[in-house]
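Read the structure below first, then the notes.
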Amino acid sequence: QLQLVESGGGLVQPGGSLRLSCTASQLTLDYYAIGWFRQAPGKKREEISCISSTDSSTYYADSVKGRFTISRDKDKNTVYLQMNGLKPEDTAVYYCARPTFTLQRCDQLPSNEFDHWGQGTQVNVSS
């Protein structure tokens, strides 16, 4: 199936780190811009990071800039979100997503054009 799968969530103390992974078994992720989104209880889903397929340029929301890093491993067909300095307000379900079309840059992709989603992975930041 052409499905995205997230992993790596869990419970971590404030200030801690987690690395989320996004992979797919029958899809070459390198052809697609990949976005990371999150949704906390009672809040709208927000795009927090993106990596382009053409030049690997990146985007970060202000809420995570300087703490989170998005990257690709082409050999492993995986996109990572390294999350450092985690805060309780980072608690949410985290999703990776891709657009329908290949070879796009993040700065040309509105959030609503990410229309293929993984199932999500829960991140809880608490002492």
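Since the model is a prediction, treat every value here as computed from it, not as a measurement. In what follows, every heavy atom counts, from backbone to side chain, and hydrogens, waters and symmetry copies are set aside. Start at 1 with the first residue, then count along the sequence.
- The hydrophobic cluster containing V93 also includes F37, Y95, L109, F114, W117, under a criterion of side-chain heavy atoms closer than 4.5 Å among ILVMFWY residues, counted directly or through chains of members.
- Defined by atom type and a distance below 3.5 Å, a donor-acceptor pair is missing between the side-chain atoms of T28 and D30.
- Scanning all heavy atoms of the two residues, the minimum distance from V5 to Q119 falls at CA-OE1, 3.8 Å.
- Atom CG in N124 sits 4.5 Å away from atom CD in Q122 (nearest 0.5 Å).
- Distance alone, capped at 3.5 Å, is enough to place a donor-acceptor pair between the T91 side chain and the V125 backbone.
- Under the rule for a salt bridge (Lys or Arg N to Asp or Glu O under 4.0 Å), the partners of R67 that lie at least two apart in sequence or sit in another chain are D90.
- Under the side chain to side chain contact (heavy atoms under 4.5 Å, CB included) rule, C96 has a single partner from L4, T23, T121, which is L4.
- Listed here is the closest heavy atom pair of Q3 and A24: O-CB, 3.3 Å.
- Evaluation of the side chain to side chain donor-acceptor pair (under 3.5 Å) test over residues 68-82, restricted to residues two or more places apart or in two chains, returns Q82-N84.
- Closest heavy-atom contact between S127 and P14: N-CD, 3.7 Å.
- Note on I51 and Y59: separate hydrophobic clusters, where clusters join Ile, Leu, Val, Met, Phe, Trp and Tyr whose side-chain heavy atoms are under 4.5 Å apart, directly or indirectly.
- A donor-acceptor pair under 3.5 Å is absent between the side-chain atoms of Q104 and the main chain of Q108, judged by distance alone.
- Pairs passing the salt bridge (Lys or Arg N to Asp or Glu O under 4.0 Å) check and including a residue from residues 5-16, sequence neighbours excluded, do not occur.
- Rounding to the nearest 0.5 angstrom, the gap separating the OG atom in S111 from the CD atom in E46 is 9.5 Å.
- To the nearest 0.5 Å, atom OH of residue Y94 and atom CD of residue Q39 are 12.0 Å apart.
- There is a path of hydrophobic side-chain contacts, each under 4.5 Å, that joins W36 to Y31.
- Nearest heavy-atom pair, C106 versus S52, reported as atom, atom and distance to 0.1 Å: N-OG, 2.8 Å.
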Legend entry - Test log, rule side-chain contact (heavy atoms from CB on, under 4.5 Å), inputs L11 and S126: CA-CA 7 Å; L11 173 64; S126 174; 4.2 Å; yes
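- Heavy-atom minimum distance, P99 versus Y32: O-CD2, 3.6 Å.
- For residues 108-117, the set of pairs meeting the salt bridge (Lys or Arg N to Asp or Glu O under 4.0 Å) definition, not counting sequence neighbours, is empty.
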Legend entry - T100 vs H116, side-chain contact (heavy atoms from CB on, under 4.5 Å): CA-CA, chis, key distance, verdict: CA-CA 7 Å; T100 294; H116 300 269; 3.2 Å; yes
Inset, instruction - In sequence, state the C-alpha distance, the side-chain angles, and the governing distance for C22 and R98, and then conclude on side-chain contact (heavy atoms from CB on, under 4.5 Å). - result: CA-CA 11 Å; C22 175; R98 67 168 179 91; over 6 Å; no
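- Distance OG1/T54 to CZ/R105: 5.5 Å, rounded to 0.5 Å.
- S53 is linked by a side chain to side chain donor-acceptor pair (under 3.5 Å) to nothing, counting only residues two or more places apart in sequence or in another chain.
- Between the Y60 side chain and the I70 main chain, a donor and an acceptor come within less than 3.5 Å of each other.
- To the nearest 0.5 Å, the span separating NZ on K43 from CZ on R45 amounts to 16.0 Å.
- Side-chain heavy atoms closer than 4.5 Å link hydrophobic residues (I, L, V, M, F, W, Y) into clusters, and following such links, possibly through other members, connects L20 to V12.
- Distance CG/L18 to CZ/F68: 9.0 Å, rounded to 0.5 Å.
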